[in-house]
Engineer: 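One structure is given below, represented as structure tokens, and several questions about it will come after.
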Amino acid sequence: MTDAELDEIMVFHWPRVLRQVMADNSDEWLKGFVRSIARHGKRPTWRPTSKQQQIMRRLVSELSAVSHGNEEVIEGGDGAA
């Protein structure tokens with residue numbers, strides 16, 4: 001995982017992953033994992049292990065798939081349905 005990819009995940013995606021897991025999941029291990037990554041991500045020298053990277057990418061991917069499935073279609077202003 002490059003520094004840029006890690007920064008993107010931690011800044012843009014991880015807060016959503018954290019909120020989603022804490023709200024919708026009863027898996028205590030997963031809750032602990034996302035909290036741990038959020039805590040470690042605050043340290044400038046921290047780098048995720050390869051196992052952590054795999055899980056992080058999977059969670060971000062799953063969240064993207066779920067959020068894209070819930071998008072609403074916005075109709076144009078011409079009144080056509």
Engineer: I want to check something: taking the side chain as every heavy atom from C-beta on, are R35 and V21 in contact at a cut-off of under 4.5 Å?
Structural biologist: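 Side-chain contact under 4.5 Å: no.
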Engineer: Are Q20 and V34 side-chain neighbours, meaning at least one heavy-atom pair lies under 4.5 Å?
Structural biologist: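 No, side chains not in contact.
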Engineer: Taking only residues two or more places apart in sequence or in another chain, which ones pass side-chain contact (heavy atoms from CB on, under 4.5 Å) with K42?
Structural biologist: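 For K42 there are no side-chain contact (heavy atoms from CB on, under 4.5 Å) partners, ignoring immediate neighbours.
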Engineer: If you measure from CZ on R19 to CG on L63, what distance do you get to the nearest 0.5 Å?
Structural biologist: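 Nearest 0.5 Å value for the CZ-CG distance: 9.0 Å.
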Engineer: Please report the interatomic distance CD1(I37) to CH2(W46), rounded to the nearest 0.5 Å.
Structural biologist: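 These two atoms lie 4.0 Å from each other.
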Engineer: Side-chain heavy atoms nearer than 4.5 Å, only ILVMFWY residues, links allowed to pass through others: does that put F12 and M22 together?
Structural biologist: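 They do not share one cluster, since no chain of ILVMFWY contacts under 4.5 Å joins F12 to M22.
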Engineer: Only one of Q53, M10, R57 clears side-chain contact (heavy atoms from CB on, under 4.5 Å) with P48; which?
Structural biologist: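 Of the listed options, the one satisfying the test is Q53.
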Engineer: How far does CG of D3 sit from CD of E8, to the nearest 0.5 angstrom?
Structural biologist: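 The CD atom of E8 is 13.0 Å from CG of D3, to the nearest 0.5 Å.
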Engineer: Looking only at side-chain N and O atoms, does R16 offer a donor or acceptor that is under 3.5 Å from a partner on H13?
Structural biologist: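 Judged by distance alone, the side chains do not pair up.
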Engineer: Got L59 and F33 here, is their nearest side-chain heavy-atom distance under 4.5 Å?
Structural biologist: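 SC-SC contact between L59 and F33 confirmed.
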